[in-house]
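A short write-up of the structure that comes next.
Letters go in sequence order (proteins before strands), and every chain restarts at 1.
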Amino acid sequence: MTMSEQTPETTAVAGSVAETAPAEFVQTPSQTVGPFFGYALPYDDGGDIVNRVHPVAIRVHGRVFDGAGVGVPDALIELWQPDEFGRISDELGSRERDGYTFTGFGRTPTTRAGDYTFTTVKPGAVGGADSSAPAYALVTVFARGLLYHLFTRVYFIDEATLSDQAAFDELVEADALLKSVDPGRRATLIAVADGADSYRFDIHLQGESETVFLDFD
Amino acid sequence: MPNETPTAPHIASQSTISAEIAAISAQAKAATAAGAPPELQARRDYPPYRSSTLRHPTHALVKADPEEIERTSPAFGHTDVDDYEADLTVQHSGEPLGERIIVTGKVLDGEGRPVRNQLLEIWQANASGRYVHKRDQHPAPLDPNFTGVGRVITGDDGSYRLVTIKPGAYPWKNHTNAWRPAHIHFSLFGTAFTQRLVTQMYFPGDPLFALDPIYQSVVDPAAQQRMVSQYDHDVSVPEWAIGYRWNIVLTGPKQTWMEQDDDHE
């Protein structure tokens, strides 16, 4: 795309404005969310993608750690996922929840300890139940000190598969991302069952078990 | 501010920070001169911004092909946001103090197409440079008539328009005598979740740009300009408000995204 292809209206107006128009629609740079988003971005029930009494509700929780192994108290976590049948929602109402409509989006700040919790459903595989690829939710991490947010995925893999090397290998083979990740780091993408209907997914920004973060560009 | 304040002996002076910024800029400039593509984004590891030291990933990011969930985005609409939320000056019983401004522009994708009906959120300090957030305890007055939080859903042409107060410069503790240039935080959703963006809009000609490690973490001068709004006299309203224009471009995974787009249009 060249200068001449930019929208005519941005070039037609006063000189000062033409200079602001993106010459080639180049992406706007990211800046940190900073320390003071707490009164602006979180909202009531933001972490409750489904209600706790939903028949297949699960808890997805964890701690965000910095490079010194300390919990990050000023991070914001977002989750975006299909429902339990692998359907992607186009329903409005992520900010004004009615307690019933599944919108697939959740947002929650970490606590003073660096912990976060979502109530949601285990995502189904998009494209139908017979898909052999493992299901996951997309996770986005914002924090003071992070100049550009981080994307990762939280995979939900049943324990039978996790404890059977052949079955696990087969599953990895069916997932382009897991397959491409250094085998020693794959575990950082997989939620750990830690109780009835509860999964733990810690996020390590640095350190020995640094989470695999993704580049979609 | 427990994690914001480095212990006393380690607090750098502005001249130390400025020297670090200058060294990184010079290195980036030399790389571009030698043929490297300009860096469009903020560096995740930017030592002059001390808080980035323990929080940036040390491994290279893993390339991922976005799948369907990542090529879509949550749907937001007028049921999620009230119209008055776009005007930060009418949220209390009285008028906030400070310079009333209008901030308007368009949210576009990498092809210049409007990002329609998406959620745009802002937050900012008041005219005195003070945030409502409890952890901001610096001695500048709060304004009982200003919270500093706004939301709007973009129009069919990707446009947004906000009325607010020009924020003051904000002191922080990255180093001695550290001041953030006046800025408004923006949070945006695109048509794909991979286009998600949180950034800051700055005001033209701020003398603090050169000294600020967050602004300077975007090392390419042309990329820095993409974070700076422009005064626009056509946006100003007589005897009422000063106007600024700022367009935002959200790009995502180009290859697969193009295919998707054909399906939907």
With a 4.5 Å cut-off on side-chain heavy atoms, are [Y] and [X] touching?
X        : Y        : answer
A:Ser30  : B:Val198 : no
B:His59  : A:Gln206 : no
A:Pro82  : B:Ile69  : yes
A:Ser180 : B:Val62  : yes
B:Glu68  : A:Val126 : yes
B:Asp80  : A:Leu92  : yes
A:Phe216 : B:Gln195 : no
A:Phe25  : B:Asp109 : no

Identify the heavy atoms of [X] and [Y] that sit nearest to each other, and give their distance.
X        : Y        : value
A:Tyr39  : B:Thr147 : CE1-O, 3.2 Å
A:Phe213 : B:Pro57  : CD1-CB, 3.9 Å
A:Pro29  : B:Ala42  : CB-N, 4.5 Å

Rounded to the nearest 0.5 Å, what separation is found between the [atom1] atom of [X] and the [atom2] atom of [Y]?
X        : Y        : atom1 : atom2 : value
A:Leu147 : B:Ile214 : CG    : CD1   : 6.5 Å
B:Glu121 : A:Leu41  : CD    : CG    : 5.0 Å
A:Ile88  : B:Phe193 : CD1   : CZ    : 12.5 Å
B:Leu250 : A:Gln27  : CG    : CD    : 9.5 Å
B:Thr79  : A:Arg95  : OG1   : CZ    : 10.5 Å

Looking only at the side chains, is there a donor atom on one of [X] and [Y] sitting less than 3.5 Å from an acceptor on the other?
X        : Y       : result
B:Arg226 : A:Thr28 : no
A:Glu210 : B:Thr58 : yes
B:Tyr202 : A:Gln31 : yes

Counting only non-hydrogen atoms closer than 4.5 Å, does [X] touch chain A with its backbone (N, CA, C, O), its side chain (CB onward), both, or neither?
X        : result
B:Thr53  : backbone
B:Leu119 : side chain
B:Glu67  : both
B:Tyr244 : neither
B:Ser187 : side chain
B:Arg196 : both
B:Gln200 : both

Which bit of [X] is near chain B, if near means a heavy-atom gap under 4.5 Å: side chain, backbone, both or neither?
X        : value
A:Phe151 : side chain
A:Thr140 : side chain
A:Leu177 : side chain
A:Glu78  : side chain
A:Arg97  : neither
A:Phe142 : side chain
A:Val181 : side chain

Taking only Lys NZ, Arg NE, NH1 and NH2, and the carboxylate oxygens of Asp or Glu, determine whether B:Arg55 and A:Asp74 approach each other closer than 4.0 Å.
yes
Heavy-atom pairs under 4.5 Å with chain B - which of [options] has more of them than the others?
options                             : answer
A:Ala75, A:Gly93, A:Gly34, A:Gly207 : A:Gly93
A:Gly104, A:Ala143, A:Gly145        : A:Gly145
A:Gln81, A:His149, A:Arg153         : A:Arg153

Can you tell me if CG on B:Asp82 sees more than 12 non-hydrogen neighbours from other groups inside 6.0 Å?
yes
Are B:Tyr170 and A:Phe36 near enough that their ring centres are under 6.0 Å apart?
yes
Which is it for B:Leu61 and A:Leu214 under the side-chain contact (heavy atoms from CB on, under 4.5 Å) test, yes or no, and what are the steps along the way?
CA-CA 5 Å; B:Leu61 302 194; A:Leu214 306 179; over 6 Å; no
Tell me if a side-chain donor or acceptor on B:Trp123 pairs with a main-chain N or O of A:Gly38 at a distance below 3.5 Å.
no
Using the six-membered ring wherever Trp is involved, compare the ring planes of A:Phe105 and B:Phe76 and label them parallel, tilted or perpendicular (cut-offs 30° and 60°).
perpendicular
Set out, in order, the CA-CA distance, both residues' side-chain angles and the distance that settles side-chain contact (heavy atoms from CB on, under 4.5 Å) for A:Tyr148 and B:Thr199, then state yes or no.
CA-CA 9 Å; A:Tyr148 197 1; B:Thr199 187; over 6 Å; no
Max heavy-atom pair count under 4.5 Å with chain A, selected residue of B:Ser217, B:Pro74, B:Ala75
B:Pro74
Among B:Ser73, B:Gly150, B:Gly148, which residue has the highest count of heavy-atom pairs closer than 4.5 Å to chain A?
B:Ser73
Chi angles and distances behind the side-chain contact (heavy atoms from CB on, under 4.5 Å) call for A:Phe37, B:His133
CA-CA 8 Å; A:Phe37 58 82; B:His133 197 290; over 6 Å; no
